[in-house]
Asks: 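Got a structure here, written out as structure tokens. Questions coming.
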Amino acid sequence: MPEIPKAYDPQSVETKWYSFWEENECFTADPGRVCDARQAYSIVIPPPNVTGVLHMGHVLNNTIQDILARKARMDGKEVLWLPGTDHAGIATQNVVERALRKEGVMKHRDDLGREKLLKHIWEWKEKHGGIIIEQLKKLGASCDWSRLRFTMDKEYTQCVQRVFVDLYKKGLIYRGKRMVNWCPKSLTALSDEEVIMKEQHSRLYYFKVQVVEEPDTWLEIATTRPETIPGDSGFAVNPKDPRYGQLVGKHAIRPLPVENQAHLPIVADEHIDIEFGTGVLKVTPAHDKADFDIGQRHGLEVIDVLEADGRMNNLAGADLAGKDRFEARKEAAAKLEELGALVKVEDYKNNVGFSERADVPVEPRLSEQWFLKYPSQPTARACVADGTLKFHPVRWSKTYDHWMGELQDWCISRQLWWGHRIPVWYRGEEVYCGLETPEGDGWKQDPDVLDTWCSSWLWPFATMGWPKETETLKKFYPTTDLVTGPDIIFFWVARMIMAGYEYRGDLPFRNVYFTGIIRDKKGRKMSKSLGNSPDPLELIGRYGADALRFGTMRSAPLGLDVLFDEKDVELGRNFCNKLWNACRFREMQGGAMEGEIRPELLTSDDRWILLRLGQAITEVTAAFEAYRFSDATASLYRFFWSEYCDWYIESCKATFFGDNETRKANVLAVVDFVMGNTLRLFHPFLPFITEELWHGLGYSGDMPEEQGGKTIMTANWPKVFDNSFNELYGLDDTVDRLVAAKHDLVTQGRNLRAAYNIPFSKKIDYTYNPAGVQDSHEVEVLKVLLNAESVSVGLDVPKGTPRVGSALGDLYLPLEGLIDFDAERERLARELQKVEKEIGKVESKLSNPSFAERAPAEVLEEQRRRLADWQAKRGQINEALEKLSA
RNA sequence: GCGCGCUUAACUCAGUGGUAGAGUGCUACCUUCACACGGUAGAAGUCGUUGGUUCAAAUCCAACAGUGCGCACCA
């Protein structure tokens, strides 16, 4: 017996084959090989954060991409899976700044200055930037690593600048003083997409202000932010509000700051909701977007009372100056109370925008920023609506369309140092936008950098050598599939589509597969603080990469979130082990590999497993076309475990342990044919173990070099069987029915054993009465499947011997005079009950006249046949019961 | 408020009009010569609720309930 370990050990196998693939350049894409017969297939990786580490989201996402890439190679395509990393502006700068503070290198970035901090970040990137790439390799990712890109590579940076200059010249990028979302923690502007609305338990403060012209009249106002009162520059009411109409044009006294109780105009504005609060709004143009607009309409002053970091400034008055905005809120309320202006305070639920990254409330803030008017919006919107670019699942198209319909200009400048610096220089009133530093003295470059997404939206073509018309770009753009999460549909996907049309005149990808979000088994999002996020590398260490991949894909249905449970990975490992052992069993039988199958020697089980293989090929291929990966794994699992291992291998033992050498050779040929195809079907999901077994079983031996000879990666994807194949091997429904009847009989026979408490280890004798003429081999198979000492053919059994039956024949379990008549009667009575119930159901259906009248003929026929089957069964049971009591 | 999902066995999910399924878990038995990361057998579901369409509904339609997500937002 060959020395094959009983359990599959993934570690050494995975290392060995990954090196082999890399050394043999199996992942390298060559545009020169692309032609009509060998079409291009391409994916660009959603670039992970360069300082990041692999998490379960990456595992899901990249496993899917790898599966697609490997399947495409087996389909004979020239595959480019283009990898890279993202500089992730805020996140990376935060990480490095925190580390530098911890090391005592600096307290604040100003201590170092721009150049020195950037040097540190680059050092950090050089040191840690490769980690996630190495981790992807552990997962088995078949990226073309020779094309690894980074969003801050020199060439990539030039692309970003070129696009900026172009859009600036087209008038689509402009600079302006606007209300933006300001993050007081990161000290930068954010785009609307980076603000997350969260429901808060706040307070609604009611306070009153005195009308200057009518000192007896007080207006009551409700606000959630009393600390901004010093920034108020007016009061607004709805012009249709009868309560306040006569006050419009008059003034009221702003209570805070106490040292500057200004008289503010009362204005009328349609925007005011009569129903809400008291119907009077305090207008704070510097700290609220809607208020800013009202202020603009009525010429109200803009009074900024906040510092960039969220502390109050001197304009807020002596009582509040220097205090943080939340502390100032309490302080302002206290002041109002002191003044006797506070009427009441109510608990109040409202939504507040939070910075996605820093998780603090954003501050609407007036500042000078760069904005982008999206290009190619109509085409980008239409291509998804008309299905030129397909979303999977399709329902995301609606979300996309909705967002594309209400595009707001994109705030693209960030007050950070890590990123692409805005290619604009100033000298006095002069502004220069260009790729190179302008000639002459005194130019100062804009200090801001661009939003990271403002570089990654160029990813699909900027990674392929654009703006040069490279061969790669010509052959691999547009890409075929994009795999990403729906959480970045606006951030990234939508913007790439617009950039694609604007700069390539074509869509960037033909299909977008949206993964679900990985959650823990309780349905909670994975997060560091919850500690519910497993380390994929540790899982790979314990179970193997194939196990992790298979387990993840099996539990990730299209369009639904994935509830991750380590049990799934365990299941993956068990599956690999089963595969390993099935091949080990094959090895133990010896014999030549890949012999020709002789149709005339096929057993019914051989034909059946070929049929089931054909079915599996059909199902898995169809699942791929529909991007239904969990369906594919389910089909593979069922076919391999429940059909091939549970039934076929077991039935083969009748041949392998027998002495018909000719038949044995033929069964081995069938086994090799089935396993050769099975390994190929499994390869995209389980790249490592399939490669190991492909070589171990010698299947690579007589394949052409480029079609599986060197590696299973390039073996042909199994073809769905055609008619001539089915005819040659006699694969038709009768085989399926016969073997189903066999399995049914065997299950019932085993059940008899269990019903009479006979342990499986005890060999017993069955008597079999076939329903027609059958190959004697079938009896041998029954013997093996029933784990019987013997199966004798005939009818010679004592009265009352327990019997079961199927279309194949009847099976008796003689109990050597120890028949327990009562037990058998009870068992049959239970059976009878079940059968009667089914008969009742079918009869009531058939006896319904409108059913007979309106149901299609084949349905009617089927029900009649079912009734006959059940009735026959009832007859048999009754007969047996009669014999028992006779 | 608007939009999009989801609700089927204890759990995770398949199931687009005609016999309710899988995996895990559970129960019992079994270290049998590929595999205990295994085998055999078994128990387990008024398919969220109500109504409608139909000979026939888990499946189609409507309403409701629960749950999750996205967008918008009244200070």
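Since the structure is predicted, the reported quantities are computational estimates derived from the model, not experimental observations. Every chain is numbered from 1, with letters handed out A, B, ... down the list of sequences.
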Asks: Which is more 5' along RNA chain B, the nucleotide nearest Y8(A) or the one nearest E838(A)? Just name the residue.
Replies: E838(A)
Asks: Within the distance-only criterion (no hydrogens, no angle test), does the side chain of R395(A) pair as donor or acceptor with the backbone N or O of G559(A) below 3.5 angstrom?
Replies: yes
Asks: Classify K578(A) by what it touches in the nucleic acid, base, sugar-phosphate, or nothing, heavy-atom distance under 4.0 Å.
Replies: base
Asks: Mind checking who G5(B) pairs with, Watson-Crick or G-U wobble, both distances under 3.5 Å?
Replies: U67(B)
Asks: Could you state the atom-to-atom distance from CD of E862(A) to P of G18(B) in whole Å?
Replies: 10 Å
Asks: Looking at every strand, decide which applies to R628(A) at a 4.0 Å heavy-atom threshold: base, sugar-phosphate, or nothing.
Replies: sugar-phosphate
Asks: Would you mind classifying the nucleic acid contact of R866(A) as base, sugar-phosphate or nothing, using non-hydrogen atoms under 4.0 angstrom?
Replies: base
Asks: For F656(A), report the nucleic acid contact type (base, sugar-phosphate, nothing); a contact means any heavy atom under 4.0 Å.
Replies: nothing
Asks: Between W580(A), Y543(A), Y637(A), which is the residue that forms a ring-ring contact (aromatic ring centres under 6.0 Å, His included) with F575(A)?
Replies: Y637(A)
Asks: With both distances under 3.5 Å as the test, what is the Watson-Crick or G-U wobble partner of C37(B)?
Replies: none
Asks: Considering all heavy atoms of both residues, which atom of V283(A) and which atom of A236(A) are nearest to each other, and what is their separation?
Replies: CG2-CB, 3.7 Å
Asks: When all nucleic acid strands are considered with a 4.0 Å heavy-atom cut-off, which category describes L560(A): base, sugar-phosphate, or nothing?
Replies: sugar-phosphate
Asks: What contact category does D646(A) fall into here, base, sugar-phosphate, or nothing, at under 4.0 angstrom with non-hydrogen atoms?
Replies: sugar-phosphate
Asks: Heavy atoms under 4.0 Å, any strand shown: does S555(A) hit a base, just sugar-phosphate, or nothing?
Replies: nothing
Asks: Considering every strand and a 4.0 Å limit on heavy-atom distances, what is the contact class for C645(A): base, sugar-phosphate, or nothing?
Replies: base
Asks: Nearest-Å distance, CZ (R830(A)) to P (A41(B))?
Replies: 17 Å
Asks: With both distances under 3.5 angstrom, what nucleotide forms a Watson-Crick or G-U wobble pair with A56(B)?
Replies: none
Asks: Does K841(A) reach a base, just sugar-phosphate, or nothing at all? Heavy atoms under 4.0 Å.
Replies: sugar-phosphate
Asks: Between E853(A) and S850(A), do the side chains contain an N or O donor and an N or O acceptor separated by less than 3.5 Å?
Replies: no
Asks: Once you apply a heavy-atom cut-off of 4.0 Å, does P393(A) come out as touching a base, just sugar-phosphate, or nothing?
Replies: nothing
Asks: Would you say a side-chain N or O of T747(A) is under 4.0 Å from OP1 or OP2 of A41(B)?
Replies: yes
Asks: Got a donor-acceptor pair under 3.5 Å from the side chain of K398(A) to the base of C4(B)?
Replies: no
Asks: Pick base, sugar-phosphate or nothing for A634(A), based on heavy-atom distances below 4.0 Å to the nucleic acid.
Replies: nothing
Asks: For K282(A), which of D291(A), D288(A), L264(A), T228(A) qualifies under side-chain contact (heavy atoms from CB on, under 4.5 Å)?
Replies: T228(A)
Asks: Tell me the interatomic distance from E650(A), atom CD, to A41(B), atom P, rounded to whole angstroms.
Replies: 11 Å
Asks: Decide yes or no, distance alone: a donor-acceptor N/O pair under 3.5 angstrom between the base of C35(B) and the side-chain of N577(A).
Replies: no
Asks: Is there a side-chain polar atom (N or O) of W641(A) under 4.0 Å from OP1 or OP2 of G39(B)?
Replies: yes
Asks: My understanding is that a pair needs two contacts under 3.5 Å, Watson-Crick or G-U wobble. By that rule, which nucleotide pairs with A72(B)?
Replies: none
Asks: For a quick check of understanding: with a heavy-atom distance under 4.0 Å over all strands, which category does N751(A) fall into, base, sugar-phosphate or nothing?
Replies: sugar-phosphate
